[in-house]
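Working notes for the structure below.
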There are 2 protein chains.
Amino acid sequence: MPPRSYVSPARSAAAAETRERVIEAASRTLREGESIARFSLDTVAKAAGVTRLTVYNQFGSRRGLLEAVFDEIARHGGLHQLADAMTMDDPRAALDRMVEIFCAFWSRDSAVGRLHDAMATDPEFAEAVRERNERRRRGVTALIDRIAARQASPQARKDAVDLIFALTSYPTFASLSAAGRSRDEVCRVVQAACRAALQPLTLSNPSS
Amino acid sequence: MPPRSYVSPARSAAAAETRERVIEAASRTLREGESIARFSLDTVAKAAGVTRLTVYNQFGSRRGLLEAVFDEIARHGGLHQLADAMTMDDPRAALDRMVEIFCAFWSRDSAVGRLHDAMATDPEFAEAVRERNERRRRGVTALIDRIAARQASPQARKDAVDLIFALTSYPTFASLSAAGRSRDEVCRVVQAACRAALQPLTLSNPSS
DNA sequence: AATTAGATATACATAATGTATATTCAATCT
DNA sequence: AGATTGAATATACATTATGTATATCTAATT
């Protein structure tokens, strides 16, 4: 008696739809709520018009839901434009563009701020977000390798990568935003700082 | 029948001692615990050898305890050296020193990282920490005012202040540390970035 | 000896995550 | 058409936290 199983177009379509609805409700709740502390699966479920148990069915846990929201935001956040940026002829222009893309990403949906808050209370979720950020680090590394003069030391390259990685992170964006800057103003400041971080890579006199 | 009240040296001394013991236990718990999520007043109370209710008596709430821990760490974190730094003749050297002092502060006690995590879940605690950070911003502002050339625009000054404020923040320190750097290596990178942030203030040609 | 401050004991209210079990209902297969 | 299956629901329960309330205990002061 092997249980006969089947795939149901209508069923899985409906399931995908509720899934979308829950993700939408979750990101809205994150956006409108004043703190991640108030973000409960109860709230989300009610906002989506489903039961809390349905959320567990779809995402397994609070963490699963948060990851799904993060991925959804990333999908619609314009990060796909990075591919084009990376192929630009001038790697410095590419870096400028990269900063622009990430500033747009961090500012597009305020839910990303709340998701970064969630990293504080859930180490595994934090790890998942960090892994997703590693793509940014790899992008920066690739650009630095193109920008750096041949005689630039590995240490100087790593310094530049780590610094630019920090400068393009969400916390830096949030700090500059909190100082009362528009997205474009933040972008301008970060771009300038990143350009400055390149200086040690091009000067033929590496301090010694 | 006004209740006669009195101050009791032995009483308040004993109270102060338990208070210290609880703060010590709390910071130890923060230091050793792997996440702020696991930080409960139950744990702290047991570690301090008191009841959870005693913690409420002394600090009023979880937030009150966290603030007390933060202030205790700040008291022994070497921030008093900032006064000397600010009076240095060379404001650039003072800035270097300031970075040094804050790198030492952020790295001295790993509990500060957990306290920053706590900001994510408690908006009022976050506000309290932000207020304490404003002293750093004022220090940076004072130095920038001394460093900036007379013709430097207010905008350029604000850019430098906000950027250096972000560069000397805990999140930046944590990001650079996570990249596998020692405290001194982080300090060196941040100092270089801060010096670079001063460039636009001294060049007599402000881009136009 | 009465009183008082600080700590304790016990109990309770509330909210959140997560698990377990049985059930409803519409879509799919034979 | 009737049996079966997947998704969602209903209900219940265990666990862990914060925070409040009330009464009691004990040692320091008056």
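Note that this is a predicted model, so its numbers are computed, not measured. Below, chains carry the letters A, B, ... as their sequence lines are ordered, and counting in each starts from 1.
In this structure, CG of A/L65 is placed 15 Å from P of C/dA16, rounded to the nearest angstrom. When rounded to the nearest whole Å, the span between CD of B/E17 and C1' of C/dG6 equals 13 Å. Counting to the nearest Å, the P atom of D/dT30 and the CZ atom of B/R11 are 11 Å from each other. In this structure, B/N57 atom CG and D/dT26 atom P are separated by 18 Å, rounded to whole Å.
Here C/dA20 is the nucleotide among D/dA27, C/dA20, D/dG19 with the atom lying nearest to any side-chain atom of A/L53.
Residues A/R52 and B/P9 both approach DNA chain D. Their nearest nucleotides, taken by heavy-atom distance, put A/R52 toward the 5′ side. Between A/Y56 and B/A14, the residue whose closest nucleotide on DNA chain C is further toward the 5' end is B/A14.
Heavy-atom distances under 4.0 Å link DNA chain C to A/F39, A/S40, A/L41 of residues 36-50 of chain A, given in residue order. Residues from residues 18-33 of chain B with heavy atoms under 4.0 angstrom of DNA chain C, sorted by number: B/T18.
Summarising the geometry, atom CD1 belonging to A/I101 is positioned 8.5 Å from atom NE2 belonging to A/H80; distances are rounded to the nearest 0.5 Å.
A donor-acceptor contact closer than 3.5 angstrom links the side chains of B/S40 and B/T43. Between A/N133 and A/R130, the side chains place no donor N or O within less than 3.5 Å of an acceptor N or O (distance only, hydrogens not considered).
Between the base of D/dA17 and the side chain of B/R62 there is no donor-acceptor pair shorter than 3.5 Å. Evaluation of atom-type donor-acceptor distances gives no pair under 3.5 Å for the side chain of A/R63 against the base of C/dG18.
A/T54 has no side-chain polar atom (N or O) that falls below the 4.0 Å cut-off from OP1 or OP2 of D/dA8.
Of all non-hydrogen atoms in B/W106 and B/V112, the two that sit nearest each other are O-CG2, 3.4 Å.
By the 4.0 Å N-to-carboxylate-O rule, B/D96 lies close enough to B/R195 to be salt-bridged with it. We find that A/R75 and A/E72 are joined by a salt bridge, their nearest charged nitrogen and carboxylate oxygen being less than 4.0 Å apart. Ionic pairing of B/R62 and B/D122 is not present here: no N-O contact between side-chain nitrogen and carboxylate oxygen is shorter than 4.0 angstrom.
Both the sub-6.0 Å distance and the 45° axial angle are satisfied by A/R137 relative to the ring of A/F165.
Legend: residues meeting salt bridge (Lys or Arg N to Asp or Glu O under 4.0 Å) with A/R38, ordered by chain and number and at least two apart, are A/E34.
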